[in-house]
Amino acid sequence: MITTPLLTLFLILPSLALGGHNDRMDVRHIRQRNHARAAAVQESESHMLRREFNEAVEHKMARKLSNAEFAKRKVDGGQCRPRNATSPTTLTRSISASATASSSVTSTVISSASITVTSDAASSTSTQDQVTTESSTSTSTSTQDQATSTSSAESTAATGQTLYSSGGSSGHTPNGNKAGVSAGDSLAWLSGKLGWWYDWSATPSGSCGNAVAVPMIWGGGTADGDDAARLAAFKALSYAPEYIIGFEEPDCAAGSGSAGLDVNTAISIWNEYVVPKGEAGSILVGPSMCKQAAESGWLGPFMAGVTRKPDIMNIHVNKNSAAGINADIDHYYNTYGLPIWVTEFACVDDSTGFVPCTDQSEIDSFIHTAVDIFESDSRIAGYAYSNGYGLGDVWPMVSNGQLTASGQTYLSALSKYH
């Protein structure tokens, strides 16, 4: 009875020992399998990460090579430097930091600082484009500033601020200032505003700062005593004045401020006494016509008959509107092609006769209109307010030794420019 259990136990013990060993082996195998699986997963994930990164690079390169638009830089890929193309590895640019403008509104760039930009070959084109863009922007800004400046100057006409004249023909505008006046009684109030003046005589008397006093050969000496004295004084001039004004309205009959001179006599006097002054250096201003744009039959033959033609056309403008002023200017410039001096202008209704303006507001408006036209028209090299005969009681600049309302308006109109 005892032998049998011992034998059974002896047989069972080896199996139990082997089973425990197998269990420990199984645990090790499981652990090994788990490590292997983890390693495999890690390798797989690492491989996937590398693939995703590589695919991103390839994708970018493919898009670059296909000239696709780059989303971040917002530039055309076609503008990039092609692969293997040569370009300098260093790009140096000097960028101006300041600029000035000349009086003819021509921009002069003065370098006051430089910026050196160094980049690799791949970015040099982009830097060049950037510099070009900045330069274009600077030019555009300069143009806008210029346009703004011009617009501002024009808009100051009603504010009393200084405007700028268009300028006359070179050498034809005394002191570079077109503004003038006839007669010398208003000079005391106009100092610093005028470039020139005259008083119908060969020897103007008076002074107005540095304004040029211009001698005149008024007529042929036969209209009246004043005419004879003026011609004698002109013949006696021993020098060549800077400017000489020609005959006063010779196309109308003598009297009421006109010389009344026939063409042949005028040609003879001009050639004998005026031409030598022109040869000696005087700038010659031609005769004025009392009929304004309606002149015919006098000035043409005179221009053809003299041995030295005038350098400047002389016109009188007796009108009451801008249209009338421009009609006179257009006629003389289109017909004779010379720069113009308006040696007399006044507010007159000449539609049916010669009727001077008497309404002060109409006169004031006309004065500002006329001065603005003369200053802005490059064909006009000079203009003068008329203080001649037959212009009524409201137009003259001076009355009883005082500057009149019309005179004050002319001074105000000039002050916008001078």
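Start at 1 with the first residue, then count along the sequence. Predicted, not measured: the structure shown is a model, and the values here were computed from it.
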Participant: I'd like to know whether CG of Asp393 has more than 12 heavy-atom contacts from other residues, nucleotides or ligands below 6.0 angstrom.
Facilitator: no

Participant: For the atom pair OH (Tyr389) and CG (Leu391), what is the distance rounded to the nearest 0.5 Å?
Facilitator: 11.5 Å

Participant: Parallel under 30°, tilted from 30 to 60°, perpendicular over 60°: which one fits the rings of Trp341 and Tyr243?
Facilitator: tilted

Participant: Is it true that a side-chain atom of Asp227 and a backbone atom of Gly221 form a donor plus acceptor pair closer than 3.5 Å?
Facilitator: yes

Participant: Which heavy atom of Leu338 sits nearest to which heavy atom of Tyr333, and what is that distance?
Facilitator: O-CD1, 3.3 Å

Participant: Please round to the nearest 0.5 Å and tell me the distance separating atom OG of Ser378 and atom CD1 of Ile340.
Facilitator: 10.0 Å

Participant: Can you tell if the side chain of Val285 reaches within under 4.5 Å of the side chain of Ile244, non-hydrogen atoms only?
Facilitator: no

Participant: Does some side-chain heavy atom of Leu231 sit less than 4.5 Å from a side-chain heavy atom of Trp218?
Facilitator: no

Participant: Can you tell if the side chain of Leu284 reaches within under 4.5 Å of the side chain of Trp270, non-hydrogen atoms only?
Facilitator: yes

Participant: Which residues satisfy the side chain to side chain donor-acceptor pair (under 3.5 Å) test with Asn314, sequence neighbours excluded?
Facilitator: Thr343

Participant: Could you check whether any side-chain heavy atom of Cys208 comes within less than 4.5 Å of a side-chain heavy atom of Trp196, counting everything from C-beta outward?
Facilitator: no

Participant: On the 0 to 90° scale, with breaks at 30° and 60°, tag the Phe345-Tyr385 ring pair as parallel, tilted or perpendicular.
Facilitator: perpendicular

Participant: Are the side chains of Asn320 and Val348 in contact, using a 4.5 Å heavy-atom criterion?
Facilitator: no

Participant: For residues Ser207 and Trp197, report the shortest heavy-atom separation together with the two atoms involved.
Facilitator: N-CZ2, 4.2 Å

Participant: Please check if the side chain of Thr369 supplies one atom and the backbone of Ala322 the other of a donor-acceptor pair under 3.5 Å.
Facilitator: no

Participant: Between Asn387 and Met397, is there a donor-acceptor pair closer than 3.5 Å when you use the side chain of the first and the backbone of the second?
Facilitator: yes

Participant: Are the side chain of Lys178 and the backbone of Thr173 linked by a donor-acceptor contact shorter than 3.5 Å?
Facilitator: no

Participant: According to the interplanar angle, ranging from 0 to 90°, do the rings of Tyr198 and Trp200 count as parallel (below 30°), tilted (30 to 60°) or perpendicular (above 60°)?
Facilitator: perpendicular

Participant: Using only heavy-atom distances, determine whether the side chains of Glu344 and Ser288 contain a donor-acceptor pair under 3.5 Å.
Facilitator: no

Participant: Under the 3.5 angstrom rule, does the side chain of Asp262 hit a backbone N or O of Thr265 as a donor-acceptor pair?
Facilitator: yes

Participant: Decide yes or no for Leu187 and Trp189: does some side-chain heavy atom of the first lie under 4.5 Å from some side-chain heavy atom of the second?
Facilitator: no

Participant: Mind checking the NE2-NZ spacing from His418 to Lys193? Nearest 0.5 Å is all I need.
Facilitator: 9.0 Å

Participant: For Trp395 and Ser386, indicate whether the former's side chain and the latter's backbone hold a donor-acceptor pair under 3.5 Å.
Facilitator: yes

Participant: With a 3.5 Å cut-off and no angle check, do the side chains of His331 and Gln292 form a donor-acceptor pair?
Facilitator: no

Participant: Where do Pro339 and Ala381 come nearest, in terms of heavy atoms and distance?
Facilitator: CB-CB, 4.4 Å

Participant: With side chains defined as the heavy atoms from C-beta onward, is the minimum distance between Phe234 and Pro241 less than 4.5 Å?
Facilitator: no

Participant: Measuring from atom NZ of Lys319 to atom OG of Ser351, what distance do you get when rounded to the nearest 0.5 angstrom?
Facilitator: 10.0 Å

Participant: Indicate whether the side chain of His316 and that of Glu249 have a donor and an acceptor atom separated by less than 3.5 Å.
Facilitator: yes

Participant: Check the pair Ile315, Val317 against side-chain contact (heavy atoms from CB on, under 4.5 Å), reporting the backbone distance first and the verdict last.
Facilitator: CA-CA 7 Å; Ile315 74 173; Val317 175; 3.8 Å; yes

Participant: Side chains of Glu375 and Tyr383 only: does a donor on one sit below 3.5 Å from an acceptor on the other?
Facilitator: yes

Participant: Taking NZ, NE, NH1 and NH2 as the nitrogens, is one of them in Glu279 or Arg308 under 4.0 Å from a carboxylate oxygen of the other?
Facilitator: yes

Participant: Closer than 3.5 angstrom, by distance alone: can the side chain of Thr409 be matched with the main-chain N or O of Ala405 as a donor-acceptor pair?
Facilitator: yes

Participant: Between Ile373 and Asn326, does a side-chain contact (heavy atoms from CB on, under 4.5 Å) hold up when you go through it step by step?
Facilitator: CA-CA 8 Å; Ile373 290 174; Asn326 288 319; 3.7 Å; yes

Participant: Closest heavy-atom contact between Ala384 and Ser182?
Facilitator: CB-N, 4.1 Å

Participant: Atom OG in Ser406, atom CD1 in Ile367: separation rounded to 0.5 Å?
Facilitator: 5.0 Å

Participant: What are the two closest non-hydrogen atoms of Val263 and Pro301, and how far apart are they?
Facilitator: CG1-CB, 4.0 Å

Participant: Would you please say whether a donor-acceptor pair under 3.5 Å links the side chains of Ser361 and Asp364?
Facilitator: no

Participant: Determine whether a donor-acceptor pair (N or O, by modelled atom type, separation under 3.5 Å) exists between the side chain of Lys277 and the backbone of Tyr239.
Facilitator: yes

Participant: Closest heavy-atom contact between Ala293 and Asp328?
Facilitator: CB-OD1, 3.3 Å

Participant: Report the distance from atom CZ of Phe247 to atom CE of Met216, rounding to the nearest 0.5 Å.
Facilitator: 9.5 Å

Participant: Do Thr404 side-chain atoms and Pro396 backbone N/O form a donor-acceptor pair below 3.5 Å?
Facilitator: yes

Participant: Start with the C-alpha distance between Tyr417 and Asp372, add both sets of side-chain angles, then the distance that settles side-chain contact (heavy atoms from CB on, under 4.5 Å), and finish with yes or no.
Facilitator: CA-CA 9 Å; Tyr417 299 91; Asp372 289 344; 2.6 Å; yes

Participant: Donor-acceptor pair, distance only, cut-off 3.5 Å: does the side chain of Asp224 make one with the backbone of Asp226?
Facilitator: yes

Participant: Please evaluate residues Ser282 and Glu242 with respect to the criterion side-chain contact (heavy atoms from CB on, under 4.5 Å), reporting the C-alpha separation (whole Å), side-chain torsions for both, the decisive distance (0.1 Å), and the verdict.
Facilitator: CA-CA 5 Å; Ser282 296; Glu242 186 176 359; over 6 Å; no

Participant: State, yes or no, whether a side-chain contact exists between Ile269 and Ile217 at a heavy-atom distance under 4.5 Å.
Facilitator: yes

